[in-house]
Amino acid sequence: MEPKFICHPDFADIIPVDVFHKEMDNTVPDPTPPELQNRHILFRKKAVLKKSGKAVLKITADDYYKLYINGVFVTQGPAASYPHCYNYNEVDVTGYLCEGENTFAVHTYHQGLINRVWVSGDRREMFWFDLSLDGERVLVSDESWLCADHTAYSSAGIIGYETQFLEQYDSSAPEVGFESISFDDSRWDHAAVFLHANYTLRKQETPQLTFSETVPVRTELIPGGIRIDFGFEAVGTLAAKAKGKKGDTVLIRLGEELNDDGSVRFE
């Protein structure tokens with residue numbers, strides 16, 4: 001069995017377009033249709049494995065993935081690359097597997113914009129997975145995987161020279177907690193094979209990202225909110241807990257500097 005490039009059914013028969021052009025050349029392809037932009041697409045698979053030694057996973061996605069095994073976050077990637085030499089990650093996942101049934105859950109993201117972050121406006125969207133135990137292939141990406149949109153995310157506009165989407169997140173969406181072993185995916189559809197997947201894969205040359213938890217150096221109340229200061233510039237995401245009722249909103253603004261009144265310069 002060979003791993004397949006699988007995708008959300010919406011992308012299965014879409015023909016990729018060439019987005020490469022000189023900087024001032026305006027003959028770029030039409031933008032990706034809005035319904036195909038900013039898509040958080042989930043994949044899940046349960047598999048019974050005989051755990052017996054080293055487990056090595058090769059994995060990638062276009063544009064990006066976050067991997068969970070048996071409810072535990074493992075890693076994310078790949079580094080941005082071109083379809084003719086597209087990066088995959090090779091990860092030792094031995095410590096995440098168990099004897100018997102295992103749950104694999106993957107959160108992928110397709111941005112759909114033409115910029116200098118990802119080669120994304122080419123309308124390619126895929127997920128690829130190849131798991132071996134002691135050198136023997138035991139699980140691959142194919143149509144047996146389940147697939148769904150993560151409806152918690154919705155666009156709040158595009159910023160930074162078409163670089164990224166601002167987003168709204170609904171913590172009551174039915175896909176929240178999709179990575180857990182007990183999550184009910186019985187209403188999900190099956191993934192489709194990406195019919196025009198003209199990728200040439202290569203092992204990513206740079207190391208996997210490493211992750212650590214950083215606590216703020218100070219947290220203080222300011223008019224209209226709370227200012228959280230980490231004391232230095234960092235790349236990451238904010239982890240926080242809040243209590244409230246359905247419909248309450250938490251507005252998160254991120255910035256590198258302060259305005260004269262002490263508020264965060266987020267614009």
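A chain of hydrophobic side-chain contacts below 4.5 Å, direct or via other Ile, Leu, Val, Met, Phe, Trp or Tyr residues, connects Tyr82 to Ile114. Placement of Leu166 and Val250 in two distinct hydrophobic clusters is found when ILVMFWY residues are connected by side-chain heavy-atom separations under 4.5 Å, directly or transitively. Both Leu146 and Leu42 sit in one connected hydrophobic cluster of ILVMFWY residues. Membership requires side-chain heavy atoms under 4.5 Å apart, directly or through other members. A continuous path of Ile, Leu, Val, Met, Phe, Trp and Tyr side chains, each step under 4.5 Å between heavy atoms, connects Val91 with Val106, placing both in one hydrophobic cluster. When the side chains of ILVMFWY residues are joined at heavy-atom separations under 4.5 Å, either directly or via intervening members, Val138 and Phe127 end up in a single hydrophobic cluster.
With Glu125 contributing its side chain and His8 its backbone, the two residues share a donor-acceptor pair below 3.5 Å. Looking at Asp149, its side chain never comes within 3.5 Å of a backbone N or O of Thr151 through a donor-acceptor pair. Between the Thr108 side chain and the Tyr64 main chain, no donor and acceptor come within less than 3.5 Å of each other. A donor-acceptor contact shorter than 3.5 Å links the side chain of His190 to the backbone of Glu143. The backbone N or O of Pro78 lies less than 3.5 Å from no partner atom in the side chain of Asn87, so there is not a single donor-acceptor pair. Asp122 places no side-chain N or O within 3.5 Å of a backbone atom of Pro16 that could act as its donor or acceptor partner. Under the 3.5 Å distance criterion, the side-chain polar atoms of Asp229 are matched with a main-chain donor or acceptor of Gly231. A donor-acceptor pair under 3.5 Å is formed between the side chain of Ser141 and the backbone N or O of Phe129. In this structure a side-chain-to-backbone donor-acceptor pair under 3.5 Å is missing from Asn70 to Asn102. No donor-acceptor pair under 3.5 Å is formed between the side chain of Trp145 and the backbone N or O of Lys46.
In this structure, Arg137 places its CZ atom where more than 12 heavy-atom neighbours from other residues, nucleotides or ligands lie under 6.0 Å away. In this structure, Glu205 places its CD atom where only 12 or fewer heavy-atom neighbours from other residues, nucleotides or ligands lie under 6.0 Å away. The environment of CZ in Phe73 is crowded: more than 12 heavy-atom neighbours from other residues, nucleotides or ligands sit within 6.0 Å. Environment of CD in Glu99: crowded, with over 12 heavy atoms of neighbouring residues, nucleotides or ligands closer than 6.0 Å.
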**OP:** List the steps, then state whether side chain to side chain contact (heavy atoms under 4.5 Å, CB included) holds for Asn38 with Glu167.
**Re:** CA-CA 9 Å; Asn38 199 43; Glu167 290 190 299; 3.2 Å; yes

Subject >> Trace of the side chain to side chain contact (heavy atoms under 4.5 Å, CB included) decision for His196 with Ile14 >> reply: CA-CA 7 Å; His196 303 285; Ile14 291 180; 6.0 Å; no

**OP:** Give the intermediate values and the outcome of side chain to side chain contact (heavy atoms under 4.5 Å, CB included) for residues Val93 and Ile69.
**Re:** CA-CA 9 Å; Val93 296; Ile69 298 178; 3.9 Å; yes

Original post:
Would Thr219 and Ile226 count as a side chain to side chain contact (heavy atoms under 4.5 Å, CB included) if you check the C-alpha gap in whole Å, the side-chain angles of each, and the deciding distance to 0.1 Å?
Top reply: CA-CA 7 Å; Thr219 302; Ile226 302 170; 3.5 Å; yes

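Atoms CD1 and OG, from Ile158 and Ser155 in turn, are 6.0 Å apart once rounded to the nearest 0.5 Å. Ile159 contributes atom CD1, which lies 10.5 Å from atom CZ of Phe266 (distance to the nearest 0.5 angstrom). The NZ atom of Lys45 sits 12.0 Å away from the CG atom of Leu131 when rounded to the nearest 0.5 Å.
Counting all heavy atoms, side chain and backbone alike, Phe230 lies closest to Thr214 at CE2-O, 3.5 Å. Taking each heavy atom of Val176 and Ala152 in turn, the nearest pair found is CG2-CB, 4.3 Å.
Inspection of the Asp62 and Tyr199 side chains reveals an N or O donor paired with an N or O acceptor under 3.5 Å. For the 3.5 Å distance criterion, the side chains of Gln204 and Asn89 qualify, holding a donor opposite an acceptor. Residues Gln37 and Thr32 bring no donor and acceptor atom of their side chains to less than 3.5 Å of each other. Side-chain N/O atoms of His150 and His107 include no donor and acceptor closer than 3.5 Å.
Under a 4.0 Å N-O distance rule, the pair Lys66/Glu179 does not qualify as a salt bridge. Between Lys4 and Asp142 there is no salt bridge, since no side-chain N of the basic residue sits under 4.0 Å from a carboxylate O of the acidic one. For the pair Arg124 and Asp63, the salt-bridge criterion is not met [side-chain N within less than 4.0 Å of a carboxylate O].
In this structure the side chain of Tyr109 never reaches within 4.5 angstrom of the side chain of Arg39, judged on heavy atoms. The closest side-chain heavy-atom distance from Cys147 to Ile41 is below 4.5 Å. At least one side-chain heavy atom of Met126 sits less than 4.5 Å from a side-chain heavy atom of Tyr86. Looking at Leu201 and Phe5, their side chains come closer than 4.5 Å, going by heavy atoms from C-beta outward. A 4.5 Å side-chain heavy-atom check between Arg44 and Trp188 finds at least one atom pair inside the cut-off. Leu67 places a side-chain heavy atom less than 4.5 Å from the side chain of Leu57. Contact check for Leu49 versus Glu101: no side-chain heavy atoms found under the 4.5 Å cut-off. Side-chain contact check for Val117 versus Gln164: every heavy-atom pair is 4.5 Å or farther apart.
Aromatic rings of Tyr65 and Phe43 (six-membered ring for Trp) have centroids beyond the 6.0 Å cut-off, not under it.
Scored by the side-chain hydrogen bond (donor to acceptor under 3.5 Å, both in side chains) test, Glu267 finds no partners at all (sequence neighbours excluded). Under the ring-ring contact (aromatic ring centres under 6.0 Å, His included) criterion, Tyr161 pairs with no residue at all, not counting sequence neighbours.
Here Val48 sits alone; no ILVMFWY side chain lies under 4.5 Å from its own, so it joins no hydrophobic cluster.
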